[in-house]
Amino acid sequence: MKDVLNSSVFILSDLLIWLAYTAIPLIIIRFITRQQEVRFARLYYFFAAFILACGVAHLLDALTYWFPLFHLSAFVRAITAVISWIVVFYLIRQLPYATRALKARESLEVEIAAYKEAAASQQIKNILAQESRQLFKNVFDHSPVGIALLNPEGRWLNVNTSTCEMLGYSKEELLKTTFQNITHPDDLAADMAYVGQMLKGERETYQMEKRYIRKDGSIVWALLSVSLTWQEGKPAFFISQLTDITTKKRLLMEVETKNGELESHITRINEFNRIVAHNLRGPASSLINMSDYLEKTRSEADKDFLLSKVKDTSMLIINTLNDLTQLLEIQLRQEKQSAVCLFRDAYENSLHMLHEEYKAAAPVIDVQFDVEEVLFPKAYLDSIFYNLLSNAIKYRQKDKTPVISVGTTAQNGHVILTVKDNGIGIDMQKHGQDLFKYKKVFHKGYESNGVGLFLTRSQVEAGNGKIEVESTVNEGSVFRVYLSKNNLV
Amino acid sequence: MSYKLSTAGIIDDDQIYQLVMKRAIEQSGMVKDVLQFYDGEEAIKYFKEKQQSPEALPELILLDINMPYMDGWQFLDEFIKIPFKDGYKRTIYIVSSSSTTEDLNKAKEYEIVSGYHVKPITKEMFEQMMQIIGGMA
């Protein structure tokens, strides 16, 4: 009985030890597989195998009570012995590393601290990056300056609200087009030249004043600053900043216009002064000198001669005063409203007035009005035609049939009225500067008072145009009247 | 009566001025002959023709500015270019109705111009001119 009890305790203990020795390696393996990084992992496996083997030995001991398994038992014990020695050798080999790992604990803590710090600073960096992204987004979204990203071909990639407001397009509309499409044609070449230089790497940034055409067709002036971002040696995208300078430009242009007006006013006043000084003071002075002389002289012949000149001289003064009045009225454009005038009407009216001269000269006149009408004071247009045609007929070459061509063409938004003749021409070197001045005459033996071209010029200028002449002596003259595009119908 | 100058030339398109001035010069008794030209072109033609005969050329020239065909300035520009025979002495006065700064300044640009008188010519101005002529001989 006592024997049975002993045996039972023996067997039970062996089985319990086996169970425990099986459980322990399972726990170890589970521990290892759960860990992300395990040092000396192999040692754990060997140790687990060793314990497992010990457990199997105890199991076999227990089983031997019922079955004589000596052979198997001996084999398991041999394996256990081998594994246990492997563990021993492995332990000896790993010992220096293990001690070092233990010793490194302090430095590990330092490492951990450093790691924590790095992590913290990375976090700060992330926050900063996040903030700078936010900052950029805020600037981009709320900047009063238009900011836009464009690809190297000029397509809009991203635009902010200010850009949209400035150009009058929605973001979606802009992203479907290119900057070239909405740039004012006159400014495109300059912009493209800069873009070309940027893409070639010849310049890093550029700045220019340019015009865009808004969706509603109106023009907006922008100060454009552009930089180019490169990625992997290739142009990636343009960053453009657009400031609306329309108001500034408009003011500047107003000032320039006013300045121009002021300058032309001064020019006119000077001209007026010149006419008074020479053409009014001249004959008036003569009358004074004459009356002084008449008081003293006894020569009847001189008296008769001088008295015969009184009327002419007084007429000269009156005529000059009339011309000045006319000039002032032209310059002040009194009661001369622009109207739609047909060039052909003006031509025919003036030809009608030149009936006598036309009959005497029998000119060949070629007429071609490519532009048919213009917005201009009608009386002036008639007068311009009259004066130019009258000159073309008057200053003809004696031995030639006068050939005159009259025509209009459109050029750069201007209407050019041309009157060309094959007459005696004008020595431009001598008289070029005086051609349109008051009472300047250039040809002896012709009835001319030097007022026609002077008034013609004033009339053209009153309509914001200009007049030019090209002439060669004995070949003929070409008068060109440029009517400003505001006068286009 | 001995003349201070042999010839004076008046270049002016104003016939009244021409006559009155001619008579005034004659009456001063200082100048023997007065030549009259009615525009710059006519005058310059004469000077060119007589450039080698100083005795035929006026020693005093009274020049108007505003004239047809060739004005006073154009006359001066041409006159300067004429290669006169050595020994031709002349004094040029501008006599114009213009007292604008533009003309007064322009006259100063011509070294050859000795003075500028504004019309109408007064008795005092004329006497002053004659005095200078008296000093020229």
Side-chain angles (χ1 to χ4, degrees), chain A residues 267 269-299 301-314 316-317 320 426-427 429-434 437-446 448-450, chain B residues 10 12-28 36-42 44-45 62-75 77-78 81 94-107 116-127:
Chain A
T267 310
I269 289 168
N270 273 331
E271 181 160 53
F272 198 88
N273 194 25
R274 222 172 285 140
I275 294 170
V276 170
H278 291 287
N279 305 92
L280 282 181
R281 287 200 84 249
S285 307
S286 290
L287 291 177
I288 292 170
N289 279 145
M290 179 172 85
S291 61
D292 286 346
Y293 181 70
L294 283 174
E295 278 173 17
K296 294 184 291 185
T297 188
R298 287 189 207 125
S299 161
D302 282 0
K303 276 184 191 172
D304 287 348
F305 174 79
L306 290 174
L307 287 171
S308 77
K309 293 288 168 196
V310 171
K311 195 179 176 191
D312 286 351
T313 308
S314 311
L316 210 57
I317 295 174
T320 302
I426 303 155
D427 186 339
Q429 196 133 29
K430 258 194 201 169
H431 304 300
Q433 285 196 314
D434 293 335
K437 286 187 181 162
Y438 187 64
K439 290 205 173 167
K440 292 288 181 183
V441 289
F442 315 106
H443 301 290
K444 283 193 180 178
Y446 291 88
S448 51
N449 54 13
Chain B
I10 306 171
D12 202 310
D13 61 328
D14 185 328
Q15 295 185 12
I16 296 172
Y17 167 82
Q18 279 275 8
L19 180 73
V20 173
M21 194 48 133
K22 187 184 178 203
R23 294 283 181 262
I25 293 170
E26 283 168 354
Q27 279 162 21
S28 74
Q36 291 175 289
F37 306 99
Y38 290 87
D39 62 67
E41 204 170 86
E42 197 186 315
I44 207 74
K45 206 175 144 208
L62 303 179
L63 177 67
D64 185 23
I65 294 173
N66 195 39
M67 291 179 288
Y69 317 119
M70 178 183 271
D71 68 18
W73 309 123
Q74 289 169 324
F75 170 83
D77 292 336
E78 291 293 310
K81 285 188 251 169
I94 285 177
V95 184
S96 165
S97 60
S98 167
S99 57
T100 60
T101 349
E102 190 186 9
D103 287 325
L104 292 170
N105 285 340
K106 191 155 184 182
Y116 191 117
H117 293 282
V118 178
K119 293 178 191 171
I121 296 294
T122 61
K123 211 181 162 211
E124 293 73 31
M125 271 158 68
F126 184 77
E127 278 167 3

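Side-chain atoms are counted along with the backbone in the values below, which use heavy atoms only and exclude waters and symmetry mates. In what follows, chains are A, B, ... by sequence order, proteins preceding strands, each numbered from 1.
Both the backbone and the side chain of A/K430 have a heavy atom closer than 4.5 Å to some heavy atom of chain B. Residue A/D434 touches chain B through its side chain alone, counting heavy-atom pairs closer than 4.5 Å. Only the side chain of B/Q74 comes within less than 4.5 Å of a heavy atom of chain A; its backbone N, CA, C and O stay farther away. With a 4.5 Å cut-off on non-hydrogen atoms, A/F442 touches chain B through its backbone but not through its side chain. If you measure heavy-atom distances from A/T313 to chain B, the contacts under 4.5 Å come from the side chain alone. Heavy atoms of B/E102 lying under 4.5 Å from chain A belong exclusively to its side chain. Looking at A/K440, the atoms closer than 4.5 Å to chain B (heavy atoms on both sides) all sit in the side chain, from C-beta outward. Within the 4.5 angstrom heavy-atom criterion, only side-chain atoms of B/D39, from C-beta onward, approach chain A.
Closest non-hydrogen pair, B/P120 versus A/I288, comes out as CG-CD1, 4.0 Å.
Comment: B/E26 engages B/R23 in a salt bridge, judged by a side-chain N to carboxylate O separation of less than 4.0 angstrom.
Taking A/N273, A/D302, A/L316, A/L306 one by one and counting their heavy-atom pairs under 4.5 Å with chain B, the maximum is reached by A/D302.
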For a side chain to side chain contact (heavy atoms under 4.5 Å, CB included) check, start with the C-alpha distance between B/T100 and A/R274, then their side-chain angles and the critical distance, and finish with the verdict. CA-CA 7 Å; B/T100 60; A/R274 222 172 285 140; 5.6 Å; no
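In this structure, B/F126 and B/T122 have side chains that are not in contact, with every pair of non-hydrogen atoms separated by 4.5 Å or more.
Heavy atoms of other residues, nucleotides or ligands lying less than 6.0 angstrom from CD of A/Q433 number 12 at most. Summarising the local packing, NZ of B/K45 is surrounded by 12 or fewer heavy atoms from other residues, nucleotides or ligands at distances under 6.0 Å.
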